[in-house]
Number of protein chains: 6
Amino acid sequence: MFYHVKDLQYNARVSRPDPAFATLLLEQFGGANGELAAALRYFSQAFGAKNPYPDKYDLLMDIATEEFSHLEIVGATIQMLLTGINGDLKNAAENSEIMKLMNGKAAKEEVIHQGMVAPQFLIGSAGGPCYTNSQGVPWTAAYINGDGTGELSADLRSNIGAESRAKMVYEYLLQFTEDPYVKETLRFLMTREVAHFQMFEAALGTIQPNFPPGVLQSDPRFSNVYFNMSSGNDYTGPWNTGKSTQFGEEIQYVDDPIAYVIKTNGLLEHEAAGTDRTEASVQKMNKELSKIKSAEVNGANPPGPMQWNQDLDGVDDDAREASKKEYAKNKSKK
Amino acid sequence: MFYHVKDLQYNARVSRPDPAFATLLLEQFGGANGELAAALRYFSQAFGAKNPYPDKYDLLMDIATEEFSHLEIVGATIQMLLTGINGDLKNAAENSEIMKLMNGKAAKEEVIHQGMVAPQFLIGSAGGPCYTNSQGVPWTAAYINGDGTGELSADLRSNIGAESRAKMVYEYLLQFTEDPYVKETLRFLMTREVAHFQMFEAALGTIQPNFPPGVLQSDPRFSNVYFNMSSGNDYTGPWNTGKSTQFGEEIQYVDDPIAYVIKTNGLLEHEAAGTDRTEASVQKMNKELSKIKSAEVNGANPPGPMQWNQDLDGVDDDAREASKKEYAKNKSKK
Amino acid sequence: MFYHVKDLQYNARVSRPDPAFATLLLEQFGGANGELAAALRYFSQAFGAKNPYPDKYDLLMDIATEEFSHLEIVGATIQMLLTGINGDLKNAAENSEIMKLMNGKAAKEEVIHQGMVAPQFLIGSAGGPCYTNSQGVPWTAAYINGDGTGELSADLRSNIGAESRAKMVYEYLLQFTEDPYVKETLRFLMTREVAHFQMFEAALGTIQPNFPPGVLQSDPRFSNVYFNMSSGNDYTGPWNTGKSTQFGEEIQYVDDPIAYVIKTNGLLEHEAAGTDRTEASVQKMNKELSKIKSAEVNGANPPGPMQWNQDLDGVDDDAREASKKEYAKNKSKK
Amino acid sequence: MFYHVKDLQYNARVSRPDPAFATLLLEQFGGANGELAAALRYFSQAFGAKNPYPDKYDLLMDIATEEFSHLEIVGATIQMLLTGINGDLKNAAENSEIMKLMNGKAAKEEVIHQGMVAPQFLIGSAGGPCYTNSQGVPWTAAYINGDGTGELSADLRSNIGAESRAKMVYEYLLQFTEDPYVKETLRFLMTREVAHFQMFEAALGTIQPNFPPGVLQSDPRFSNVYFNMSSGNDYTGPWNTGKSTQFGEEIQYVDDPIAYVIKTNGLLEHEAAGTDRTEASVQKMNKELSKIKSAEVNGANPPGPMQWNQDLDGVDDDAREASKKEYAKNKSKK
Amino acid sequence: MFYHVKDLQYNARVSRPDPAFATLLLEQFGGANGELAAALRYFSQAFGAKNPYPDKYDLLMDIATEEFSHLEIVGATIQMLLTGINGDLKNAAENSEIMKLMNGKAAKEEVIHQGMVAPQFLIGSAGGPCYTNSQGVPWTAAYINGDGTGELSADLRSNIGAESRAKMVYEYLLQFTEDPYVKETLRFLMTREVAHFQMFEAALGTIQPNFPPGVLQSDPRFSNVYFNMSSGNDYTGPWNTGKSTQFGEEIQYVDDPIAYVIKTNGLLEHEAAGTDRTEASVQKMNKELSKIKSAEVNGANPPGPMQWNQDLDGVDDDAREASKKEYAKNKSKK
Amino acid sequence: MFYHVKDLQYNARVSRPDPAFATLLLEQFGGANGELAAALRYFSQAFGAKNPYPDKYDLLMDIATEEFSHLEIVGATIQMLLTGINGDLKNAAENSEIMKLMNGKAAKEEVIHQGMVAPQFLIGSAGGPCYTNSQGVPWTAAYINGDGTGELSADLRSNIGAESRAKMVYEYLLQFTEDPYVKETLRFLMTREVAHFQMFEAALGTIQPNFPPGVLQSDPRFSNVYFNMSSGNDYTGPWNTGKSTQFGEEIQYVDDPIAYVIKTNGLLEHEAAGTDRTEASVQKMNKELSKIKSAEVNGANPPGPMQWNQDLDGVDDDAREASKKEYAKNKSKK
């Protein structure tokens, strides 16, 4: 259950209206790497974590709620930067005088700002934030639906990437305003991405093993092969020479992939090299991890009557117990 | 600033997993008329309301926050209805046994449920809610960006329409589950749409005049004309005969629009009839309302240094006062 | 069946080319609240209305057809405002001289117009209208698919909201052009939204009861509760005090929702207050309305052979009669 | 201006409800190659054609209007195929009995139909057509915005392609219904695509020259080169040997593009072969066509006051004449 | 299998940075008619062509691969035109100085360029290409999914249309830059569209019959009828008089479609005229073509074990033979 | 420049047609975490890397090209799984017999497969792959545009997340087919995600410092604060206690954020604790890194005439040298 207090988490301020910067700032309101994307990403990941991993659920809901609060900070800042537009448009018997009251701006700003006021502020929302990016593209869940995979070790890595990107957008935005109040707010928000990055990283570390994400092990034949698919001006680095970062397998470099693929009948005849892992060891690990991880989740989520809130009052405990037993019985039969 | 408590506003429960109904229920999670749409619609409308109309801001934020809480209820219900999928997929060394543990279902349900489990639950989120509608279409802000117009009397009417639609979706959903726990939750959520409808209606009544929305009056020549654009099997009703609902103007029925348009040189030579309003009275009203409404908004939003939180500590009050004066001076010059 | 005459419903004129205003005007061609959205919204709602409610079908098709005609007016105006672009681009052996032939513009306009010519006019459509909004976002049926719910009392309320929004966009657009010809066209179009608003309102009044939309009554326990979800600077209004607008129930104000939800076990133990409606009275009403409304629709739409045009020539009447009887028989068995 | 008569252009009939086929048929209502796409494609192309090419404008508006009429036929058919759903959902006090009244179906149909009823028909539109394709994806103008290029010879070719695709969709749909009434309607609609194909082809033939589309001629060095970019199992055909179809240039086959590109410094040193066209002849043609085609368009669209309807009453003819003269003067100065 | 060499197919160069033109050029990177659309369109069409028509598969893969190479050329050009942005943004401790280092520009360019730098270059990609069009709309497969119909004669016609459109976009783009290096690259790319057009046309000619696309013949009653749906200022041309282009049928002109439709009971009573084709001849052709074309495809694609690469080593040939026989047996039973 | 050989990188095979699994497999063809997304993500990131970091450019192009080759493998597998559909649809004179020739399936498979054949395979592509996910949603660049930030340390982290997600989708898909040939292909593809993960991780390690991504350091006051935004059932972990992962700062836990925010005037009065970093140290680092990183990029990309291919023949070297000098001069003036 959400609750709201009218104070912002960070007391956002602006020095004067600036519709052009408000337009750029939309990127953090309704953009691909903005606060709405962040809040909704963690919120949806949290549902599946609740029962097996209540500590990660707590973490995800803490950060999701903070991101909603950041969305509000960004929206409030945009609203203040657009001050004057709505009032002016209400003066509808006159043609628009928008942007006439703003103090003179330095020439430097003009180069960037000219023509960059989103039309949606003038004839759509009439001076308020919309869920679009800085170019007017409506926010879409396509940005984030793929980021909830039902596997925490994958989701946390996506989150680390997402916080990195959001940090960059704030870093860039900071270079397009000279308003000290706006800068201090942006800096707070940028810093929180750095903080969240480290929290997700810490959480990832508590899941063991966490590589590869999920249950199934990689095929030892193809896990350490590097295909040189782009020829000319080739470089060597730890990604195509030496040992792989997680498994420590010896990297196998295929210099001429076309020839090699034809020679090996489309890799069907390629054989493992540079690794101690075998098909047998992989299958064994697959089975063991399957057992452990499915028990972990299924054990915490028996398929009978259930409720979300903690106290189980009002649910028929007997039916629930019966359901648990039936589940266990079915499982033992497999 | 948002805050979260781990209890749901309504203690949602389910009797047993039902992935097919979970698929339908997505419509209220990430569909056009779902809870995410509702929450974000009111949340964005609230920003512009804050200063001139703090009472409406309070209303909008109360309901927006409740809708976020409803989004959580829907998500939690979907998660519970998908119980078993995630655990089963973790048993990755075996082929999926999903849906094997569910108790037998009545034949009636099967007709509807067959084949209706969203693939995203099986190979995407692996048993958790996503921001899509019941057919997998990602949520898009295109659903709602147009609903924030910077004019409360328009926005509240959009909200009344939106609550009506959301109510219908719950009414339909109720017919596709037999789980009494799920039914009680859906009924709570459906009822809240009915409650919100009346709240928005009450708020609309406090804005006077509220028709037409905005400032500009309609042209008396065209405000009460009915064009019979679709011929054959024509009907008469209070919409094309008698007096118009808001202005009480005598409706003018144009039976043969093609002939009439050609006769009047594309309506340029059409003249007003059945109304007391005149071009002069309209222009007068336009100017008066412009003055009142723009003063209302501009007065509450002087364009100098500003902050969102109530207490003004930390902002240079002198600069703010200076800005207010400059604004007033500019305004008097127009 | 549609038919077209080459004269516009309103004889649109422009004084001179103005690609910047053409860009803004796209909002009414392919925007969320534009004419295409309006025309297609009413057109799809009309299909379901035809048989049970032929008078509403007539109304919806009259207005849908008028909106298509308005779409044409907007498109024609955009085309005229872009005069010169296509011809100039045909002079392809030279670099583009676009916008060189326009007469000098007042300084005021320039502030707004600079940089606001949609690239799609220059390198896409080469000087013609496209189905995008003013920022180039392609029109999507996501704007309107949710507005057809198969329940007229909901659809008409959505339409009232939609006409309100479209009116506002014209009000804003009027402030960004000084061309008197364009202004007269916009004013005609704005006025028609006001006219349609009243028509839909009149139609809604002929449906009784029309609240809540649909069949199912709201739960008396939750229909009049107000949750104060956003704390700080709280306001009182007719939406959270006194009686609700439609049911006249006494509003119950929950000041501290978190405490209350925990105390009532997630509202499961909350009880009705301030209302005369009871669970029994609601269930009775649900059943009665179900019977009446389903008979209304089913009676007008027997599931046998059918045709759309009125005269039934060519359809096997015997088969149709047989189908009607079978339907009645099945229904009586329930 | 559009006008509507309540009779369909083709008297569509159905034998009995069939929600599964209604779902497939959505492809022609709101799909990429459906009737809405067709109608709106030709409608937007028409605007730019009106003045310089009023005959093509007439053709485009004739077909656009017919496609709107076909959209209505498809929608009416879907509505009839969904008969029973809306009425059943109004019986909201009972669980849904949808699809119970349909007569027995052949086993063959079941294989395809199972599980293929769009959820939108059940919990969204409640038994009416929506602007989506058969999988629920909302119609988007992204399907067609690129098809209006401001160059008729390109647009007509796009239309020929579009009619070909629409024909195929009807051909496929015909294989998924056994209802003779539905089949006759689909066959009518399919045939009209074939008819329109030939009309567009005839119109294209009246534009001379029509290749390449537009004004600028292709570079003689690269116009007849074939790069064998995909190696292995290579084939020879009139596309990579002999003479090119339009220019009759001798095709130059580059068997090993990588080697050739490196040898010619990224083609900078490649020289023309197998063609009589030269850089000089191309530049001459560019200039001549530029002059002719821009004059054609500009002559028909002087940039002064203008109106859409034919009769010029109400427009200041003097201003218009002045504008024409100014345009001519400017043009002569270049 | 794809392979990459670091040299571009055409050695793209630029004279100096020009972020405004880079913004326009995005239309060919991620726009509706751009190189990504082209490459992916032909790539997906190729899969289905491989077995029955390996020569067309070769053609489609040759051109698809070239289009990917063109995508790279466009991306590289955009990257060079944005030089300076990324480096400047790395100087993050200072406000952005973007666009300060570019040499003075001619006044003519400024008119077009002002305000036209995509915000995504400044705060998103920080100076690199993105998959959007020139207005920031993300590339969507909605542009092209409809262009693969599983029928080559339709797909090739779509491709001819697509190449025409892409040619026009290059023709327009050429008018918005004065950089001779960029112009030479654009001209190469434009020319290749002209070359591909002719290749697709040549390939279409090798399919006989290729009209109408697919198998089913058009209904002789409706194939040559012209409906005059848009009245006023009507024109005559080879599309509504004389003989149709492909069938050579005498065109039947319906001057007043409304009257005619009503008279013929929605065309049900309309009869064929001006054609030698009959219902019987059409049905015969349908059956013959069905047999030929399905045998063509099915013969090349027996439904047993299969592999993509040519050599069949590793597949159980016996199983494959058994499958072929079973298929033949089933087919003979029909 | 891309090149193609007709052999797949991995010799994909299938045992028999399976349209239902083909539908699920679309997730890897045109889904959010599929191969097209991967290929295009790395391809666009590569452009900006080329000059300053040619080794990372090589890595990104190697993997991008491999992902295009994987896209082809997935498409080929889908095509083979759909065998029979296209041929059957060509038999258009008969109703569709699709899916009749497939051998009997185990009951287990049926549960999942029923009703899950994408309509697009039947009436759209007629048996070939489309760029949609498993639910028919068209691929959109919204999935990936945000993943190219012009900062390699952020992009590589996004890629690590992306490879994790793609691995999971393959792991899930493997549980929905029993075809051993398809399983071996999926396993190869899954393994390559694991391989790429490690390559990106290795590359990230060579960038130092790589935290935080970009240039600007986080504010020491907010970098180590944990806000307990979701109350009830709170957990402790290394993310909210002890030291932060990267900076090793002592985490500050704010148990009651509402009270704390109000007390600190919206955090304006909050002070740093548990860290050695100071405002001064941060500003110093910002300046130093700005200098280093901008020089790195700018040095490799002087803004004069440039070309993409390595050899500079044909570009005016003098102009280039002059441009470099001018750049250096401007820079020194700042």
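Chain naming here is simple, since letters A, B, ... match the order of the sequence lines and numbering starts at 1 in each. Note that this is a predicted model, so its numbers are computed, not measured.
- Only the backbone of Q135(A) comes within contact range of chain C, judged by heavy atoms closer than 4.5 Å.
- The shortest non-hydrogen separation linking V137(A) to V137(C) is CA-CG2, 4.2 Å.
- Across every non-hydrogen atom of G124(A) and Y172(C), the tightest pair is O-CE1, 3.9 Å.
- Taking every heavy atom of both residues into account, Y3(A) and N228(C) meet most closely at CE1-O, 3.8 Å.
- Counting all heavy atoms, side chain and backbone alike, G266(C) lies closest to N309(A) at CA-ND2, 4.2 Å.
- Of the listed residues S134(C), G31(C), P257(C), S230(C), the one with more heavy-atom pairs under 4.5 angstrom with chain A than any other is S230(C).
- Nearest approach of N233(C) to K6(A), heavy atoms of both residues: O-NZ, 3.8 Å.
- With rounding to the nearest 0.5 angstrom, the CE atom of M229(C) is 4.0 Å from the CE atom of M1(A).
- Put simply, CD on Q175(C) and NZ on K90(A) are 9.0 Å apart, with the number rounded to the nearest 0.5 Å.
- Looking only at heavy-atom pairs under 4.5 Å with chain A, the residue among V261(C), V169(C), L173(C), I258(C) that has the most is I258(C).
- Residues I123(A) and L24(C) approach most closely at CD1-O, 3.4 Å, considering heavy atoms.
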